[in-house]
Amino acid sequence: MWLQKKHMTVSEIRQQFFDFFESKGHQIVSSAPMVVKNDPTLMFTNAGMNQFKDFFLGYQTPQQRRVANSQKCLRVSGKHNDLEEVGVDTYHHTMFEMLGNWSFGDYFKEEAIGWAWELLTKVYQIPVDRLYVTVFEGDQKDGVPQDTESINIWKKWIAEERIIMASKKDNFWEMGDTGPCGPCTEIHVDLRSEAERQQTAGKTLVNQDHPQVIEIWNNVFMEFNRKADGSLEPLPAKHVDTGMGLERLAMALQGKQSNYDTDLFQALIQSVVNVSGVSYGQHESTDIALRVIADHIRAIAFSIADGQLPANNGAGYVIRRILRRAVRYGYQTLGLKEPFLCELSLVLGAQMGAPYAELLTQKELIYKVIKEEELSFFRTLELGIKRIEDLIAQVKASGQQQISGAAAFELYDTYGFPLDLTSLIARENELSIDEEGFAQELDIQKERSRAATSLETDDWMQVHPDCNTTFIGYDQLSAPVQIIKHRKVSQKGKVFYQLVLDQTPFYAEGGGQIGDSGTLSSSNEQVRIFDTKKENNLIVHLCSELPKDLSATFTAQVDAAKQAATAKNHSATHLLHHALRSILGTHVEQKGSLVTEKGLRFDFSHFSKVTDEELAQIEAHINAAIQANIALEENRALDIEAAKAKGAMALFGEKYGDKVRVIEFGASVELCGGIHVPNTGQIGVVKITAESAVAAGIRRIEAITGTVAMTYFKEKAAQLEQIDALLKKPKDLVKAIEELQLKNNSLQKELERFAKMQAQQLKNELKAEVVAHNGMQVLFKELNTDAATAKDILFQLRQEFDAFVGVIGHKEADKCGITIILNEALASKNNWQANQWIKEISGHIQGGGGGQAAFATAGGKNAAGLQTALAHLKSKLG
RNA sequence: GGGGAUGUAGCUCAGUUGGCUAGAGCGCUUGACUGGCAGUCAAGAGGUCGUCGGUUCGAGCCCGAUCUUCUCCA
């Protein structure tokens, strides 16, 4: 390793990167949230450029043409990064930081390469003889030339033999099947010892997956546009997009062999070492566990900070899986049987809270959510252990040596018990597991899920040339529109169509607010738009039928009543958010929201149940704002910084460079793209209908507004009036009902006593009718009563004799039945089966029956048959 | 979004092929023994068997719908 003049911490390395690019005229922007909203194709930010996609695609123009940042990224799937690999080796991560600098149509190869070189060799002082660069060699089939421009620039900085030609696979970057693309140039560093370097030339190891000859920086030069037919055309504006993994860079600069040996990870590992008493570097297995935990806590804490809580589906499920994997390693390998990740989140906060303030502002939430998840997983494990013990006992009892794949899968699938724990416990009991069978079951389950969610989309059919589509719904509810393109989508056998219009008054689902519905009509036809959604930046209208004439001009008409009701709920949501912060405190932050025409649902961070008094205060606060009839102040294109200065409560998902829309109702200031009422008076009234918990530290409030609330009040009032009338308008309604309940209770008890007495009396009367017969005490009787009473009487009578045979034929309304009882001893002595008897005679009453040897019942419809049935039974006694 | 599991007394759970007056342990109430506590013994209270509907003479159990919680997959 080379000697550094001074040791740099990860924080210092990050800061120097910022300082360097700031000195080159870049604006340092903050990281976009790691959790992606409103993009069905992507759950998490997985590269630095994600938040700038629109600039490259030309959908938006940036304010600043040179920016740099450190982006938090999460990768959990993909062929190079499987969750199960993280921690096993020393260089995979789930969450990582990507340093990057960008030029949006500003500087290009010359500057990008020069600065990259300067930063690495002058600022970070990596010796030149450890660096190699790769350049795109060209591709004949694609008709892309060799990147000679980059080669010539590199020659100014680095010896020619250190420039390596690389193929399309490694050095040509594309955003998708179509769109911006271009060659890239990568910088690789050789971290091997002098001795090893003498033996093998570093050049031969570049791009060969050698753990110590690694790529540290990729510079992409976007200069082409890939068209649908596969051909390339030069872009009008050329861009630079670079990415350098901070963890890997730190490893190189700190002279370590592994990312996990850098100061950032070591602090986390050390903290786990302290609680577990296992030291790092002792055993392979415990080292893996320590790395897994150190890696995963970052992914977990950052996700929660971004508002993505562990859950049982979607992105939340990914987080839960990561968290459970960390707990599992702690539990199984390090013997940690108490929550430990929550404590570790505090260590992480201290480490990374400076550049990522959200870790500190959300500290309490992160801690509580993680702790709750850990506890719940421990419960799952505990239940699973009980199950597996039963299972093992069964397997052993049946003399087998293997737990079937199906059984292991059931434990995993239904009870969430991890396979490796199952096999560990099985091994301790000298059993094996049919892992092949397990894998088969898992495949079946995957296939089922895939089949159920498979969404088939046809290609877009272009009607008019592609152009930007404009949203005009803030001002208009209807407009003349044309269809730009459409496609057919089928899901679970249902077919519908997606339409993109040149301009649209339809609001697409987003920001919690549901999408608009309405109609599209031309002079001779009309189709119904049942929903509007956003796909990346396209507003997509859903309809179940296509219009016949696609090229016509249509009138797009939004369903105004539905939208008006939705707008009331949306504005009320803002007032609710503000009221919550005023009354509960500023720790309240939005964690989720759903706004429909029927009502609103708002999830927010808060650590205890909202009391009834607080709810009343909140409701009053909102209704006061409604009565004050505050006018909407809307600002459609404010810089983010200006919006923050106004005190806007930042929600998740906004990106650097966006002009944001700010919605103000007096003191309530929010970034929001939704539809709102022009003044709060239009909301009418707000009624909170429910308060509940959704997760640790997260509460949910549901409410209704406007006509829905009025209808609710009307119904309640009508009910009250009815009750009032029923009780003959008492002075104090509540007291009257309380008294009624009390009275009812005592009457019921009295009734029970009375019924018991009556049964007792009846029993005593019947006791007199018991006759001796062949040494037994026998009663045959017909009664006008129900089956339950007959049963009750017979059970009581039986207690008083030791060779009792009781038969009651009972009838009531249009039903009748027969109940037989015998003393247990009597039945077994004579081998009598009352249930058999009852079957023989149930035909007489047109019914059926059954029971046990000493007690059986039958029911039927024909009371006239009771006599015959009873006579038949008598004959049984000999 | 799809699959599986789950819901029975305050808590943890039993409840066999539909029929043994819905049970156990812990907890609770009362009483007895003990100087007090702990403890032991006795008696007792507590359940619309998640909800709605169906099949059946009869449903905690079977069928359908729906909700809750857990869990796996996407």
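Here is the naming used below: chain letters follow the sequence lines, and residue numbers restart at 1 for every chain.
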By the 4.0 Å heavy-atom rule, please label A:G817 as base, sugar-phosphate, or nothing.
nothing
Could you check which of B:C57, B:U71, B:C73 has an atom nearest any side-chain atom of A:R320?
B:U71
Does any nucleotide pair with B:G23 by Watson-Crick or G-U wobble geometry, both distances under 3.5 Å, and what is it?
B:C13
Could you state the CD-P distance from A:E447 to B:A74, rounded to the nearest angstrom?
11 Å
Can you tell me how far P in B:C72 sits from the matching atom in B:C11, rounded to whole Å?
26 Å
Using the P atoms only, state how far B:C61 lies from B:U51, rounded to an integer number of Å.
11 Å
Map A:E824 and A:C816 onto RNA chain B by nearest heavy atom, then report which one ends up closer to the 5' terminus.
A:E824
Testing B:C57, B:A74, B:C20 for proximity to the side chain of A:F855, the answer is B:C20
If you assign each of A:L411 and A:G850 to its closest nucleotide in RNA chain B, which residue comes earlier from the 5' end?
A:G850
Whole-Å P distance, B:A9 and B:A22:
15 Å
One should read off an interatomic distance between A:E782 CD and A:N784 CG, to the nearest 0.5 angstrom, of 8.5 Å
Measure the distance from CG on A:L381 to P on B:U71 and round it to the nearest whole Å.
10 Å
With a non-hydrogen cut-off below 4.0 angstrom, is A:F417 in contact with a base, only sugar-phosphate, or nothing?
nothing
Establish, with yes or no, whether the OP1 or OP2 oxygen of B:C72 is under 4.0 angstrom from a side-chain nitrogen or oxygen of A:K446.
no
Residue A:Y415, side-chain atoms from C-beta onward, closest of B:C72, B:A5, B:G58:
B:A5
The side chain of A:Q445 lies closest to which of these nucleotides: B:C20, B:G3, B:C57?
B:G3
Got a second to check how far A:D802's CG is from A:F804's CZ, nearest 0.5 Å?
11.5 Å
Applying the Watson-Crick and G-U wobble criteria at under 3.5 Å, what pairs with B:U48? Answer none if nothing qualifies.
none
Distance, rounded to the nearest Å, where A:R379 contributes CZ and B:A5 contributes C1'
17 Å
Provide the distance between the two P atoms, one in B:G60 and one in B:G27, to the nearest whole Å.
30 Å
Applying a 4.0 Å non-hydrogen cut-off, can you work out what A:R387 is touching in the nucleic acid: base, sugar-phosphate, or nothing?
nothing
Mind checking whether A:F409 and A:F438 have parallel, tilted or perpendicular rings, split at 30° and 60°?
perpendicular
Starting from C1' on B:C72, measure out to CG on A:L442 and report it in whole angstrom.
8 Å
Examine B:U71: is either OP1 or OP2 under 4.0 Å from a nitrogen or oxygen in the side chain of A:T380? Give yes or no.
yes
Can a cation-pi geometry be assigned to A:K337 and A:Y331, taking NZ or CZ under 6.0 Å from the six-membered ring centre and within 45° of the ring axis?
yes
May I ask you to verify if any side-chain N or O of A:Y412 is less than 4.0 angstrom from the OP1 or OP2 atom of B:G4?
no
Euclidean distance for P, B:G39 against B:A45 (whole angstrom)
24 Å
Less than 4.0 angstrom between a side-chain N/O of A:R448 and OP1 or OP2 of B:G1, yes or no?
no
Rounding to the closest angstrom, what is the interatomic distance between B:U8 and B:G25 at atom C1'?
15 Å
Between P of B:G4 and CG of A:L383, the distance in whole Å
21 Å
Taking the P atom of each, how far is B:A5 from B:C63, in whole Å?
11 Å
Find the distance A:K815:NZ to B:U56:P and express it as a whole number of Å.
11 Å
With heavy atoms under 4.0 Å as the rule, sort A:G851 into base, sugar-phosphate or nothing.
base
Has A:K876 got more than 12 heavy atoms of other residues, nucleotides or ligands less than 6.0 Å from its NZ?
yes
Over all atoms of both residues, closest heavy-atom pair of A:V292 and A:G87
CG2-CA, 3.9 Å
Once you round it to whole Å, what is the distance between C1' of B:C57 and CD1 of A:I808?
17 Å
Just how far, in rounded Å, is C1' of B:C72 from CZ of A:R328?
14 Å
With rounding to whole Å, what would you report as the distance between B:C70 and B:C26 at their C1' atoms?
24 Å
Does the ring of A:F780 carry A:K874 above it, NZ/CZ under 6.0 angstrom from centre and within 45° of its axis?
yes
According to the Watson-Crick and G-U wobble definitions, with both distances under 3.5 Å, which nucleotide is paired to B:G39?
B:C33
